[in-house]
Protein chains: 2
Amino acid sequence: MTRTTRTTPARHPEHPETARIRLEEVLSALSDPIRLRIVHELGRGHDDMACIAFELPVSKSTSTHHFRVLREAGIIHQYYEGTSRMSRLRTQDLEERFPGLLPAVLRARAMDTTEPDRTT
Amino acid sequence: MTRTTRTTPARHPEHPETARIRLEEVLSALSDPIRLRIVHELGRGHDDMACIAFELPVSKSTSTHHFRVLREAGIIHQYYEGTSRMSRLRTQDLEERFPGLLPAVLRARAMDTTEPDRTT
DNA sequence: GTCGAACTACGACGATCTTCGTACATTGTG
DNA sequence: CACAATGTACGAAGATCGTCGTAGTTCGAC
């Protein structure tokens, strides 16, 4: 109870500092179709979304796992709002650490329309 | 034996067409430190290098494996010259398929000096 | 306090990945 | 031809990954 005056309670997110974001970890995190989809949707303007709002084609435990991988890689920032876990892209941090990388990946993902979108 | 008039004999490289290069496969291939190092060295101007010239800290079989992953992902082009297997980055193909992606990764790799270079 | 909603922790399973050694193939040289 | 150099094919062993179900936590509403 150390002054939790906000709606955001004291749970432990564990985000890496910008300077400690590792390239291999970022690339590895982005090499999964579901995680790439999450990042894609977050980049589409839906800045803050709860995990459930993505309607991913996997179970909730798996969903939690993917969000954690993205968070620990330094790609997204997460915080609680009520019982919901909100996610946001760390666009600026990534731009500072690896300039042009995230935009290039997002543009590439938009072009890679090999498979239309059966992951609804 | 169908007209092998070149110094390049009839071995089967198996390269994907530019249009069939898949983003997730590229990112996955680049998320390994050894493969990232290979790509980094190829991007440094050493355009055509034999596998052995990289002096990777792994066995020959492992080396073959990593080069194959890069080739099947569409990142490098390989061809034989004598008993040596030469490798070259598919810079233009990648630029056509995913504009800006490879340069961004190479720049990021250059910045990611978390670990100096103990993989000599 | 009780209940449901949203999410997490933990263990488990199967698939894939990285690595290696050994055996083999191809080329160039003597 | 024999031989060395370079690289591949084929398992095999161990690690990691993606997925899930079940049980538990936290929050908001009643």
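No hydrogens, no waters, no symmetry mates; every other heavy atom, side chains included, goes into these values. Residue numbers start from 1 in every chain, and the chains themselves are labelled A, B, ... in the order their sequence lines are given, proteins ahead of strands.
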Of the listed nucleotides (D:dT19, C:dC7, D:dG7), which one gets closest to any side-chain atom of A:Tyr80?
C:dC7
Roughly how many Å is it from CZ in A:Phe54 to C1' in C:dA6, rounded to a whole number?
14 Å
Expressed as a whole number of angstroms, how long is the span from B:Ile34:CD1 to C:dT18:C1'?
9 Å
Considering only side-chain heavy atoms of A:Lys60, which listed nucleotide, C:dC7, D:dT8, D:dG21, is closest?
C:dC7
Picking from D:dG18, C:dG21, C:dA9, which would you name as closest to the side chain of A:Asp32?
D:dG18
Could you tell me the separation between the CD atom of B:Glu25 and the C1' atom of C:dC17, rounded to a whole number of Å?
14 Å
Counting distance only, does the side-chain N/O of A:Arg97 pair as donor-acceptor with the main-chain N or O of A:Ile21 below 3.5 Å?
yes
Do the side chain of B:Glu95 and the main chain of B:Gly100 share a donor and acceptor less than 3.5 angstrom apart?
yes
Using a cut-off of strictly less than 4.0 Å between a heavy atom of the residue and any atom of DNA chain D, enumerate the qualifying residues of residues 62-74 of chain B by number.
B:Thr64, B:Arg68
B:Leu89: which of B:Leu70, B:Leu42, B:Ile38 passes side chain to side chain contact (heavy atoms under 4.5 Å, CB included):
B:Leu42
To the side chain of B:Ser84, which of D:dG21, C:dC7, D:dG7 is closest?
D:dG7
Phosphate OP1/OP2 of C:dT18: any B:Arg35 side-chain N/O under 4.0 Å:
yes
Taking all non-hydrogen atoms of both residues, which atom of A:Val105 and which atom of B:Leu23 are closest, and how far apart?
O-CD2, 3.9 Å
Below 3.5 Å, does any donor atom in the side chain of B:Thr83 face an acceptor in the base of D:dG7, or the other way round?
no
Would you find a donor on one side and an acceptor on the other, under 3.5 Å apart, between the side chain of B:Thr64 and the backbone of B:Lys60?
yes
Looking at every heavy atom in both B:Pro16 and B:Arg90, which two are closest together, and how far apart are they?
O-NH1, 2.9 Å
Which of D:dT8, C:dC20, D:dT22 is nearest the side chain of B:Ser59? It is C:dC20
To the nearest angstrom, the CG-C1' distance between B:Leu36 and C:dT18 comes to 16 Å
May I have the distance from A:Glu81 (atom CD) to C:dA6 (atom P), rounded to whole angstrom?
14 Å
Starting from P on C:dA6, measure out to OH on A:Tyr79 and report it in whole angstrom.
17 Å
Kindly give the heavy-atom pair with the smallest separation between A:His15 and A:Gln78, and that separation in Å.
NE2-N, 2.9 Å
Could you state the CE-C1' distance from B:Met86 to C:dT26, rounded to the nearest angstrom?
17 Å
